[in-house]
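Down below is the structure, laid out as structure tokens.
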Amino acid sequence: LAPAFYLTAPIDDISRNVIYLNKGSQYSGIQLFTTLAHEGFPGHLYQTTGSCQAGLSPIRALLGFPGYVEGWATYVEMLSYRYAGLDETLADMLMYNQSALLSLYASIDMGIHYDGWSYSDMTSFLNGYGITDSGAARSIYELIVEEPSHYLKYYIGYLEFLDLKDYAKETLGEAYSDRDFHQAIIRIGPAPF
């Protein structure tokens, strides 16, 4: 089971929001903080309730756009490092580390499921990044083989939001603000990129 997940509220009672924490994950500190940012506010829970409050038709809740939904949650998870009360340099290092890990997992996912990598191919790839622990490699391989394209919706969706943000900054210039950008994303609701 995932470390945590947001159980999407019923479309006829948007006030029933639940986040499950997997006690087996033993998350605490910064891991718990960023996980709750991903699952809760400003992640999935906020995206769901905010889009509903923006007046989106309930039928939109039935449409699935996993890259958009998980991309948003990953985007705000990355931002949450800067709001965790950490030293700015440490917050940035942790954010970039998490981004790099997701990038590695997404690359391995494509390598295995698109390019046909074997376990040996994957370990060679990891070795190129200094990851040589065979137990860790086996765990990563089994995790990715079990759920094809799982990490792509998180990482590619996240990259799409970074591109959207850059586009908004370029287009709006001095009129750009993070707050307005984030509010526009929530008002639009989940959609295809």
Side-chain angles (χ1 to χ4, degrees), residues 1-9 14-54 56 61 64-107 109 140 143 147 149-170 172 176-191 193:
L1 187 65
F5 61 89
Y6 166 66
L7 184 61
T8 306
I14 197 69
S15 68
R16 292 181 53 202
N17 292 284
V18 177
I19 296 174
Y20 284 95
L21 298 176
N22 180 353
K23 291 182 182 179
S25 70
Q26 299 182 5
Y27 274 23
S28 62
I30 190 66
Q31 283 184 309
L32 181 59
F33 184 84
T34 58
T35 298
L36 290 173
H38 181 106
E39 302 300 340
F41 285 96
H44 293 310
L45 192 153
Y46 177 67
Q47 183 181 48
T48 300
T49 58
S51 295
C52 180
Q53 289 174 353
L56 295 181
F65 302 102
Y68 194 98
V69 171
E70 294 300 346
W72 168 260
T74 302
Y75 167 78
V76 297
E77 175 187 342
M78 297 301 177
L79 291 179
S80 75
Y81 284 99
R82 294 186 178 146
Y83 292 95
L86 301 171
D87 171 78
E88 187 177 327
T89 302
L90 176 60
D92 284 348
M93 193 251 344
L94 291 169
M95 178 189 66
Y96 291 129
N97 183 68
Q98 182 65 10
S99 180
L101 287 172
L102 283 174
S103 175
L104 284 174
Y105 280 24
S107 297
D109 198 326
I140 292 168
L143 179 72
E147 217 172 330
S149 76
H150 179 73
Y151 287 96
L152 299 178
K153 60 189 170 195
Y154 292 87
Y155 193 66
I156 293 174
Y158 165 60
L159 295 178
E160 289 289 338
F161 276 104
L162 292 179
D163 284 348
L164 282 173
K165 186 176 188 173
D166 287 344
Y167 176 76
K169 284 180 176 181
E170 182 181 312
L172 298 172
Y176 173 85
S177 78
D178 281 347
R179 182 174 190 244
D180 290 344
F181 172 70
H182 297 152
Q183 285 181 339
I185 296 298
I186 295 301
R187 284 188 196 114
I188 290 168
F193 285 109

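Scope of the values below: all heavy atoms of this structure, side chains included, with no hydrogens, waters or symmetry mates. Positions are given from 1, in the same order as the sequence printed here. These numbers come from a predicted model, not from an experiment.
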For the [atom1] atom of [X] and the [atom2] atom of [Y], what is their distance to the nearest 0.5 Å?
X	Y	atom1	atom2	result
Asp109	Ile140	CG	CD1	12.5 Å
Ser103	Gln98	OG	CD	11.5 Å
Thr35	Ile30	OG1	CD1	9.5 Å
Tyr81	Met93	OH	CE	9.5 Å
Arg187	Asp180	CZ	CG	8.0 Å
Thr8	Ile14	OG1	CD1	8.5 Å

Quick one: does any side-chain atom of [X] pair with a main-chain N or O of [Y] as donor and acceptor, under 3.5 Å?
X	Y	value
Ser51	Ile186	yes
Glu77	Thr34	no
Ser149	Leu152	no
Ser99	Met95	no

Ignoring hydrogens, what is the shortest heavy-atom contact between [X] and [Y]? Give both atom names and the distance.
X	Y	result
Ala4	Glu39	O-OE2, 3.3 Å
Asn22	Ala2	CB-O, 3.1 Å
Leu79	Lys165	CD2-NZ, 4.4 Å
Tyr27	Pro3	OH-CG, 3.4 Å
Ile188	Leu56	O-CD1, 3.6 Å
Pro42	Trp72	O-NE1, 2.8 Å

Side chains of Arg82 and Glu88, heavy atoms from C-beta outward: is any pair under 4.5 Å?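 No, every pair of side-chain atoms sits at 4.5 Å or beyond.
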Decide yes or no for His182 and Tyr46: does some side-chain heavy atom of the first lie under 4.5 Å from some side-chain heavy atom of the second?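 A side-chain contact under 4.5 Å is absent here.
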Would one find more than 12 heavy atoms of other residues, nucleotides or ligands at under 6.0 Å from atom OH of Tyr176?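 Enclosed.
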Please say whether more than 12 non-hydrogen atoms of neighbouring residues, nucleotides or ligands are located less than 6.0 Å from CZ in Phe193.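 For Phe193, atom CZ is crowded (more than 12 foreign heavy atoms under 6.0 Å).
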Parallel, tilted or perpendicular: which fits the ring planes of Tyr151 and Tyr105, with parallel below 30° and perpendicular above 60°?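 Correct class here is perpendicular.
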Show your working on side-chain contact (heavy atoms from CB on, under 4.5 Å) between Tyr20 and Leu7 and close with a plain yes or no. CA-CA 7 Å; Tyr20 284 95; Leu7 184 61; 3.7 Å; yes
Out of Val76, Leu102, Asp163, Thr74, which one pairs with Tyr158 under the side chain to side chain contact (heavy atoms under 4.5 Å, CB included) rule?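 Among Val76, Leu102, Asp163, Thr74, the one meeting side chain to side chain contact (heavy atoms under 4.5 Å, CB included) with Tyr158 is Thr74.
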Pair Tyr68 and Phe161, ring centroids less than 6.0 Å apart: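 Yes; Phe161 has its ring centre under 6.0 Å from that of Tyr68.
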